[in-house]
2 protein chains.
Amino acid sequence: MDKQTVTIYDVAREAQVSMATVSRVVNGNTNVKPSTRAKVLEVIKRLDYRPNAVARGLASKKTTTVGVLLPDITNNFFNSLALGIDDIASMYKYNIILDNADNKKESQVLSNILAKQVDGVIYMGHQLSDSVREEINRTNTPFVLAGLNDTKNEIPSVNIDYTQAFYEVVIGLLEQGYQHIGFLAAKPYFTNNTDRYNGYVKALEEAGKSVDQDLLFETADSRFKNGEEIASHIKDSKADALVVVGDELAVKVTNFMVDNGVKVPEEFAIVTSNNTALTEIVRPSLTSIEPPLYDIGAVSMRILTKLMHKEEDVENHVTLPHKFVLRDSTKH
Amino acid sequence: MDKQTVTIYDVAREAQVSMATVSRVVNGNTNVKPSTRAKVLEVIKRLDYRPNAVARGLASKKTTTVGVLLPDITNNFFNSLALGIDDIASMYKYNIILDNADNKKESQVLSNILAKQVDGVIYMGHQLSDSVREEINRTNTPFVLAGLNDTKNEIPSVNIDYTQAFYEVVIGLLEQGYQHIGFLAAKPYFTNNTDRYNGYVKALEEAGKSVDQDLLFETADSRFKNGEEIASHIKDSKADALVVVGDELAVKVTNFMVDNGVKVPEEFAIVTSNNTALTEIVRPSLTSIEPPLYDIGAVSMRILTKLMHKEEDVENHVTLPHKFVLRDSTKH
DNA sequence: CTGTTAGCGCCTTCAA
DNA sequence: TTGAAGGCGCTAACAG
C-alpha cells in the first residue's frame, strides 16, 4: 500500500538482531561479526529491504543529492556540461536534482532546492544575479559555478580563458588577412561575453586597429531562431570575417551567407565558440574554439565533492585549457 | 554551521505559539486565526525560516520529487521531452531527480531513485528491460513511459503512432515516384523502431511491393558519429529514397550524399523522424515527421501528477497526433 | 561485536 | 482556533 513497506525494524526482527546492527551492515561498518552480517544480508535480500533515503537524510544530515541549475536543458552547451556533471556525480554516488531555471525566478528555485537539503549545488547560466549570489552567501551549502566566471571571485568556478580564446581567434584571422573582423554576441553582454569581447578588443589593439562600432553585431538571444535578420545586416556590412558566441547563431549566419551566394571562407570567414555537434553539420563546417565542455562539468562536480567532504585546499578557480578545431569556414 | 539552522521550533518559540500552529500556516491550513497567522509569517520572514523538505518528506511520506530516467541528456529527442516534463513538473511544484542511465545498470539506478522515495517516475529510453519492468511492478510508485510504448500495455505511456507516421511517409514517397525506398535505423530494433518498421512494411505491401532486404540499412547506434560508413553503403545501393530513424543519422547521410555529388532530392530523397533543430541546419533542409516532443514530455508528467494524486480514470495510453514538415530533401 | 536510546524536523491525530 | 504527543525510518553516540 505504501511506498515503503519493509523497514529496518522488520529486518532486525527477522534476523533476530537489533536495528543498530542492521544499520551497521547496511552502512558497511566493519564492526559486525561475519556470520551475523551474512544473516542480516540474507534477510535484507529475502525481504527486499531498501533503506529509506529520506529517513537516512534526516538522521545523518546528508542527502547524497546535489542541485544542478541550468537555463535550458535543450541547449547543447549546457547539456554537455550536465553530462560531465552527471557522470562524476554518479561515480561518487550522488543523485542530481535538476532545475531548468529558465524563466523562473532563480532565487526561488534555489531556495526550493536548498529546502531539499542538497549537499551541494552546481550553477550554470549566463550570469550570476545579485539575488542568487545573496542566497549562496547566506547558506553553508557548497556551490560551484560551471562555465561561468564569478566576477567577484568569491565562488568556486570552472572555465576556460574566454578572453584568451577570443584573442587568439582574432589574431589568427588577422594573420590570414581578414581586414574587417566582426563580433557577434547576444546583448547585453553577460559575464563570459564581456571576457570574450575583451579578447576581441585586445587582439585588434595589438594589431594597431581600433574597434569599429559598425562591426559589433548583437542579438537579444543567442538561440538559433533569432539569427536571420542579424545575418542579413552582417552580410550588408563591410565585415569580411566574424567571430560568434554561440554555435546556433554561427550556423544561422553561415547558412544565410551561403544561401545568399557569399563564398565562405573566401569572401567571409566565420569562427564560432563552442564546438558543439552543429559545427560539423553545416556546410561549410565551422572552425571553432574547442572548450572542453564535458570536462568543465566533470571538474566542477569533482570540486563540489571535495567541498562537500570538507577537504582542505580545494582549488577554487580552475581554468581549463581550450583548443581550436580548424574546419572549412576559415582559410588556413 | 549546519545546512539548516532555524527550525520550526525556533519559529514557534519566537512567535509564541506551538509548532503545530507554525506547521499549519506553512501548509496553508485555514484553521488559523488571521492575526496569529500574520504573526507567524512575520517571524518566518524575519528568521528566514525554510521548512526542511527531508523532514517533511519523512513525516508526510511525500517528497514532491519525481524521478526522471533517460539514456542521454545530450540527445535532442530526449532533452526535448525532458523540457516538457520539467515545465509541467515545476508547474505542479515537483522537483526532478534526473538520472542519465546510459551505461549504468538501469535497475540499479531505479532502485536507488526509489530509495529516495520519489512520488513517481518517468522513464524514457529505447526499450523496457525485464529487470526494469520487474522493479516497476514490485513498487507502488506510479510510472509513466514517455516516448516509449509498453509492449505489454501494462504501464501508462505517451507516444505518437510511430507505425502510422512511417506508413504515411512511405506512402508519400511512393506517390512522388520514388521506387526504391530504404529504411535506416539502429539495430536491433527496439520497441519504437519495430513499430516504425511495421509502418514501412505496411505501406510497401499496400503498394504491391515486397520488402527488399537490400534496402534495409542499419547501424549499431543512431548517434551522429556512426553514419559515415552506412551512408556510403546506401549511396552504392539502388535506393533512391530513404526514411531514417534519428535526425543525427539523417543529417549524416544527407551530408554524405551532397558531399559526394548526389542530388537531393532529385536523385535521392530523405525523410527523417524527429524534426529536431538539425533538420533546418543541413542543406538541403530535411523533410521530417514532426512528433510533438515537448508535449509528449508534458503530457507524461501531467498524467503522472494525476497518478500521484490518486485520481480516478486516468488515461493510460495516450497517442498524440503527429504532423509532417515538408522541407527540401523531398520533392513535393 | 551488539544493543539501547536519543534525537533529526516535521506532520497529524486527538483533545481541549 | 490551538496545543500536546506520538510517530515517520534511520543514524549515532554510548554502554556493555
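Every chain is numbered from 1, with letters handed out A, B, ... down the list of sequences.
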For A:His309 and A:Tyr92, take the angle between the two ring planes, folded into 0 to 90°, and tell me which bin it lands in: parallel under 30, tilted 30 to 60, perpendicular over 60. tilted
Short N-O contact, B:Arg302 and B:Glu315, less than 4.0 angstrom: no
Could you work out, with salt bridge (Lys or Arg N to Asp or Glu O under 4.0 Å) as the rule, every residue matching B:Lys116, not counting sequence neighbours? none
Which whole-number value in Å describes the distance from B:Met19 CE to C:dC8 P? 12 Å
Taking only residues two or more places apart in sequence or in another chain, which ones pass salt bridge (Lys or Arg N to Asp or Glu O under 4.0 Å) with A:Asp150? A:Arg133
Heavy-atom nearest nucleotide on DNA chain D for B:Ala55 versus A:Ser23: which residue maps closer to 5'? B:Ala55
d(B:Asp86 CG, A:Leu70 CG) to nearest 0.5 Å is 8.5 Å
Provide, to the nearest angstrom, the distance between the CG atom belonging to A:Asn31 and the C1' atom belonging to D:dT11. 15 Å
Taking the side chain of B:Ser60 as its heavy atoms from C-beta onward, which of D:dA13, C:dT12, D:dG9 lies nearest to it? C:dT12
Of the options D:dT2, D:dG9, C:dG9, whose atoms approach the side-chain atoms of B:Asn52 most closely? C:dG9
Under the salt bridge (Lys or Arg N to Asp or Glu O under 4.0 Å) rule, what pairs show up with a residue in residues 6-27 of chain A, not counting sequence neighbours? A:Asp10-A:Arg13, A:Glu14-A:Arg46
Starting at the 5' end of DNA chain C, what dot-bracket string do you get if Watson-Crick and G-U pairs under 3.5 Å are bracketed, crossing pairs use [ ], other-strand pairs use | and unpaired bases use dots? ||||||||||||||||
Please check the phosphate of D:dG3 (OP1 and OP2 only) for any side-chain N or O of B:Thr21 closer than 4.0 Å. yes
Under 4.0 Å from OP1 or OP2 of C:dC10: is there any side-chain N or O of B:Tyr49 that close? yes
Test for a donor-acceptor pair under 3.5 Å between the base of D:dG9 and the side chain of A:Arg50, counting only N and O atoms. no
Look at all strands and tell whether A:Val17 reaches a base, only sugar-phosphate, or nothing, counting heavy atoms closer than 4.0 Å. sugar-phosphate
Can you figure out which of D:dT11, D:dA13, C:dT13 approaches the side chain of A:Arg24 most closely? D:dA13
To the nearest Å, how far apart are B:Asn29 CG and C:dT12 P? 10 Å
From the list A:Ile97, A:Val66, A:Leu98, side-chain contact (heavy atoms from CB on, under 4.5 Å) partner of A:Ile113 resolves to A:Ile97
Closest approach to the side chain of A:Leu58, judged atom by atom: which nucleotide of C:dG9, D:dG3, C:dT12 is it? C:dG9
Are B:Asp99 and A:Asn95 close enough that a side-chain donor and a side-chain acceptor fall under 3.5 Å? yes
Just the rounded figure in Å: distance from P of C:dC10 to NZ of B:Lys62. 17 Å
Give the rounded distance in Å between these two atoms: CG of B:Asn27 and P of D:dT1. 17 Å
Does a side chain donor of either B:Asn29 or B:Arg37 reach within less than 3.5 Å of an acceptor in the other side chain? no
Go through residues 34-47 of chain B and report each residue with a non-hydrogen atom lying under 4.0 Å from DNA chain C, sorted by number. none
Given atom NZ of B:Lys61 and atom C1' of D:dC8, what is their separation to the nearest angstrom? 6 Å
From CZ of A:Arg13 across to P of D:dC10 the rounded distance in Å is 13 Å
Selected nucleotide, minimal atom distance to A:Arg56 side chain, candidates D:dG9, D:dG7, D:dC10: D:dC10
Apply salt bridge (Lys or Arg N to Asp or Glu O under 4.0 Å) to B:Asp195 and list each qualifying residue two or more places apart in sequence or on a separate chain. none
Rounded distance in Å - CD (A:Gln16) to P (C:dG3): 10 Å
Candidates D:dT11, C:dG9, D:dA4 - which lies nearest the side chain of B:Ala20: D:dA4
Which one, D:dG3, D:dC8, D:dC10, comes nearest to the side chain of A:Ile8? D:dC10
